[in-house]
Amino acid sequence: MASTDTEQQEYAVALLQPELTRLGGFWLLQVEEAYTTDGSLGVDGNPALKHLTGGWRACRPILGTEFCYCLAYYGITFNLVTYLTAELHQSNVAAANNVSTWQATCFLTPLAGAVAADSYWGRYRTMVVSCCIGVASVVQGMLMAALSALLPLLIKDTSSMASAQEIILFLGLYMIAFGVGGLRPCLMSFGADQFDDGDTSERISKGSYFNWYIFTMNCASVISTTAMVWVQDHYGWALGLGIPAMVLAVGLSCLVAASRAYRFQTTRGSPLTRVCQVVVAAVRKFSIAPPADMALLYDLPEDASSMKGVQRIEHTADLRFFDKAAVVTASDEEAPRNPWRLCVVTQVEELKILVRMLPLWACVAFYYTATAQANSTFVEQGMAMDTRVGSFHVPPASLATFQIITTIVLIPLYDRAFVPAARRLTGREKGISDLLRIGGGLAMAALAMAAAALVETKRARAAHAGMEPTSILWQAPQYVLVGVGEVLATVGQLDFFYSQAPPAMKTVCTALGFISVAAGEYLSSLVVTAVSWATASGGRPGWIPDDLNEGHLDRFFWMMAGLGCLNLVVFTSCAMRYKSRKAC
């Protein structure tokens with residue numbers, strides 16, 4: 001009985017959260033709002049208590065899970081091109097394409113997990129199930145990758161060994177890609193769900209959350225690019241590819257252990273189905289003009305059961321074609337509502353939001369086409385340089401440490417110094433807009449490509465003149481610029497897609513950020529292949545041959561820099577016309 005009374009007292013204290021305020025010589029008792037305003041629930045299914053759930057107490061284990069996941073993922077990514085060229089003897093073009101394609105797949109599979117999370121399971125359940133599947137898949141995938149490194153000891157025939165190594169390695173890699181597809185988008189959006197938009201302080205903390213999410217990811221990356229790459233280069237790939245699998249089980253434990261501290265959002269059906277309903281309904285009413293008075297468009301009353309817990313979205317005047325889906329015709333009034341013929345205004349606006357995002361999304365995707373070079377052509381460039389730094393030999397893939405350290409150093413400075421200073425100047429909670437932040441990142445990517453071109457010109461001239469090879473440390477500035485771009489563009493685009501997403505599509509729109517990375521990686525593979533094909537005709541070695549001294553990698557980097565500048569111009573034009581989402 002005593003324990004029951006204690007629990008009731010703790011609940012009452014959490015419910016009231018009293019604060020004493022002195023006013024005119026008297027102490028007044030203030031009662032803060034007990035529940036969140038965004039309709040989130042606790043683990044027991046009841047409305048979430050603001051002071052017992054959510055906030056940073058819930059985000060810390062989420063960030064811990066992200067750290068474990070990234071440690072496993074980047075433990076393979078950064079040195080994979082070296083393994084493909086040195087161990088499997090693939091050409092530079094084939095290795096760069098294989099790495100870009102695998103990374104793109106890793107960023108594409110989250111779409112399936114996002115749809116499952118927003119439609120049926122919810123983000124938390126999707127994460128737990130996906131993490132369990134991911135642990136099993138990654139363990140098996142890592143073991144298969146490790147086995148591919150052991151095959152030279154088991155098979156003596158060189159051609160058979162190479163084919164078996166490639167089959168086993170890529171089977172393991174793509175198992176990893178599909179095994180964690182549901183974890184990646186849900187972790188980020190579920191962490192953002194822990195902050196209530198109706199609370200000003202929590203809304204500001206949500207902006208910081210995206211910064212610290214990328215900070216955590218890069219802390220795991222720096223361990224991977226130093227310790228893991230060193231283990232792979234000195235103790236073999238069997239050990240170097242087997243170690244990261246163990247940390248995923250630790251990440252799953254962190255996620256589940258804090259279940260009572262989380263806030264949960266209810267699912268509202270398939271977002272893709274609702275989008276398709278609007279398109280079908282608008283096409284079916286192609287010949288009907290929307291009314292001049294937008295108040296005549298179909299909407300449900302506030303107390304309608306289907307609208308409970310749904311945040312209404314204010315009607316916008318652009319993209320009028322989709323308004324046809326909400327036009328009420330005589331046949332609609334005579335029969336029960338068919339959602340494939342008549343849609344509510346909020347549903348129409350959800351589709352409009354996605355359509356407005358697409359041009360910006362395409363520009364962000366090309367940004368990742370440029371930054372994809374950090375894990376492919378940058379590494380190949382480093383392999384053709386002098387890797388000695390004093391008495392040490394620096395693995396070319398480890399130069400990515402400059403990119404990661406730049407991100408780790410700048411994110412706290414951005415969050416703790418720049419944002420408060422910019423907030424005082426602009427009055428914005430985030431200091432500057434997400435779109436301005438993304439634009440800055442796109443500019444950094446173009447500068448990074450220009451820096452890489454200058455370094456390649458210097459390296460090639462030294463090689464052709466028979467001079468001492470250029471030090472690999474000359475690559476540091478281009479990696480630093482990529483790191484600055486990540487602080488601006490990567491964090492900015494994830495925050496943008498989440499904050500602008502309709503409430504029922506948060507995970508899907510967060511997945512858009514990851515899909516932009518996938519699209520950029522695929523486009524990078526396509527660009528490298530096209531450039532190699534176009535420049536290597538007629539017996540010429542091309543711009544990116546196996547021996548870079550015979551090619552013109554600098555021209556490739558200059559081409560990417562020029563396309564990056566063009567991409568920035570297009571992005572600026574789209575951003576100036578973009579209309580932000582407004583809730584009713």
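FYI, side chains are in, hydrogens and waters are out, and symmetry mates aren't considered; it's all heavy atoms of this structure.
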A.B. asks: NZ of Lys579 to CG of Leu319: how many Å apart, nearest 0.5 Å?
C.D. replies: 8.0 Å

A.B. asks: Are there over 12 heavy-atom neighbours, none belonging to Trp102, within less than 6.0 Å of that residue's CH2?
C.D. replies: yes

A.B. asks: Hey, are the side chains of Arg274 and Val278 touching, using non-hydrogen atoms and a 4.5 Å cut-off?
C.D. replies: no

A.B. asks: Given 3.5 Å as the limit, does a donor-acceptor pair link the side chain of Ser573 with the main chain of Val569, or not?
C.D. replies: no

A.B. asks: For Asp554 and Ala453, indicate whether the former's side chain and the latter's backbone hold a donor-acceptor pair under 3.5 Å.
C.D. replies: no

A.B. asks: If the threshold is 4.0 Å, N to carboxylate O, is there a salt bridge linking Asp495 and Lys430?
C.D. replies: yes

A.B. asks: Quick one, Tyr498 with Asp193, criterion side-chain contact (heavy atoms from CB on, under 4.5 Å). Give me CA distance, side-chain angles, the key distance, then yes/no.
C.D. replies: CA-CA 10 Å; Tyr498 179 89; Asp193 288 343; 2.6 Å; yes

A.B. asks: May I ask you to test the Phe418-Leu410 pair for a side-chain heavy-atom distance under 4.5 Å?
C.D. replies: no

A.B. asks: Can you confirm whether the side chains of Arg461 and Thr457 place a donor and an acceptor under 3.5 Å from each other?
C.D. replies: no

A.B. asks: For the residue pair Phe571 and Leu360, establish whether any side-chain heavy-atom pair is separated by less than 4.5 Å.
C.D. replies: yes

A.B. asks: Nearest 0.5 Å please: distance from the CD atom of Glu486 over to the CD1 atom of Ile411.
C.D. replies: 7.0 Å

A.B. asks: Would you say the side-chain atoms of Thr216 pair up with the backbone N or O of Leu63, donor to acceptor, closer than 3.5 Å?
C.D. replies: no

A.B. asks: Roughly how far apart are Thr535 OG1 and Met559 CE, rounded to 0.5 Å?
C.D. replies: 9.5 Å

A.B. asks: Under a 4.5 Å cut-off applied to non-hydrogen side-chain atoms, are Met217 and Met188 in contact?
C.D. replies: no

A.B. asks: Which heavy atom of Pro396 sits nearest a heavy atom of Met383, and at what distance?
C.D. replies: CG-CG, 3.6 Å

A.B. asks: Can you name the closest pair of heavy atoms from Lys352 and Thr316 and give their distance?
C.D. replies: NZ-O, 2.9 Å

A.B. asks: Test: ring-ring contact (aromatic ring centres under 6.0 Å, His included). Region: residues 419-439. Which pairs qualify, not counting sequence neighbours?
C.D. replies: none

A.B. asks: For Trp361 and Leu512, indicate whether the former's side chain and the latter's backbone hold a donor-acceptor pair under 3.5 Å.
C.D. replies: yes

A.B. asks: Quick one, Arg423 and Ile204 - any side-chain contact, counting heavy atoms below 4.5 Å?
C.D. replies: yes

A.B. asks: With no hydrogens and no angle check, just 3.5 Å: does a side-chain donor-acceptor pair link Gln373 and Thr377?
C.D. replies: yes

A.B. asks: With a cut-off of 6.0 Å (strictly less than), are more than 12 heavy atoms of other residues, nucleotides or ligands near CZ of Arg388?
C.D. replies: no

A.B. asks: Do the non-hydrogen side-chain atoms of Trp543 and Leu553 ever get within less than 4.5 Å of each other?
C.D. replies: no

A.B. asks: Hey, mind stepping through Ile313 and Glu350 against side-chain contact (heavy atoms from CB on, under 4.5 Å) and telling me if it holds?
C.D. replies: CA-CA 8 Å; Ile313 303 175; Glu350 288 177 346; 3.9 Å; yes

A.B. asks: Roughly how far apart are Ser499 OG and Leu494 CG, rounded to 0.5 Å?
C.D. replies: 10.5 Å

A.B. asks: Can you name the closest pair of heavy atoms from Arg356 and Glu349 and give their distance?
C.D. replies: NH2-OE1, 3.9 Å

A.B. asks: Determine yes or no for a side-chain-to-main-chain donor-acceptor pair under 3.5 angstrom, with Thr426 supplying the side chain and Gly431 the backbone.
C.D. replies: yes

A.B. asks: Parallel, tilted or perpendicular, judged at 30° and 60°: which one describes the rings of Tyr209 and Phe195?
C.D. replies: tilted

A.B. asks: Do Glu66 side-chain atoms and Ile62 backbone N/O form a donor-acceptor pair below 3.5 Å?
C.D. replies: no

A.B. asks: Compare every heavy atom of Gln403 with every heavy atom of Val482, then report the nearest pair and how far apart it is.
C.D. replies: CG1-CD, 3.6 Å

A.B. asks: Are the side chain of Ser532 and the backbone of Val528 linked by a donor-acceptor contact shorter than 3.5 Å?
C.D. replies: no

A.B. asks: Is a donor on one side and an acceptor on the other found under 3.5 Å between the side chain of Asn567 and the backbone of Leu563?
C.D. replies: no

A.B. asks: Considering only residues two or more places apart or on different chains, which pairs with a residue in residues 377-408 satisfy ring-ring contact (aromatic ring centres under 6.0 Å, His included)?
C.D. replies: Phe378-Tyr479, Phe378-Phe557

A.B. asks: Counting C-beta onward and ignoring hydrogens, is there a side-chain heavy-atom pair between Asn549 and Arg459 closer than 4.5 Å?
C.D. replies: yes

A.B. asks: Within the side chain of Arg437, is there an N or O that forms a donor-acceptor pair under 3.5 Å with the backbone of Val487?
C.D. replies: yes

A.B. asks: Using the side-chain contact (heavy atoms from CB on, under 4.5 Å) rule, take Asn218 and Cys70 through it: C-alpha gap first, then chi angles, then the decisive distance, then the call.
C.D. replies: CA-CA 8 Å; Asn218 280 276; Cys70 288; over 6 Å; no

A.B. asks: Between Ser524 and Tyr368, does a side chain to side chain donor-acceptor pair (under 3.5 Å) hold up when you go through it step by step?
C.D. replies: CA-CA 8 Å; Ser524 172; Tyr368 287 110; over 6 Å; no

A.B. asks: Using a 4.5 Å cut-off on heavy atoms from C-beta on, say whether the side chain of Gln194 contacts that of Trp56.
C.D. replies: no

A.B. asks: Ignoring hydrogens, what is the shortest heavy-atom contact between Ala384 and Leu548? Give both atom names and the distance.
C.D. replies: CB-CD1, 4.1 Å

A.B. asks: Indicate the atoms forming the closest heavy-atom contact of Thr470 with Met385, along with that distance.
C.D. replies: O-CB, 3.3 Å

A.B. asks: Atom CG in Leu354, atom CE in Met505: separation rounded to 0.5 Å?
C.D. replies: 5.0 Å

A.B. asks: Has the side chain of Ser205 got a donor or acceptor atom that lies under 3.5 Å from a matching backbone atom of Ser201?
C.D. replies: yes

A.B. asks: Give, for atom OG of Ser208 and atom CD of Glu429, the distance between the pair rounded to the nearest 0.5 Å.
C.D. replies: 11.0 Å

A.B. asks: Let's go through Lys458 and Val455 carefully: what are the C-alpha distance in whole Å and the side-chain angles of both, what is the deciding distance for side-chain contact (heavy atoms from CB on, under 4.5 Å) to 0.1 Å, and is it a yes or a no?
C.D. replies: CA-CA 5 Å; Lys458 176 181 175 60; Val455 170; 5.7 Å; no

A.B. asks: Checking side-chain polar atoms at under 3.5 Å, does Tyr367 have a donor or acceptor matched by the opposite partner on Gln493?
C.D. replies: no

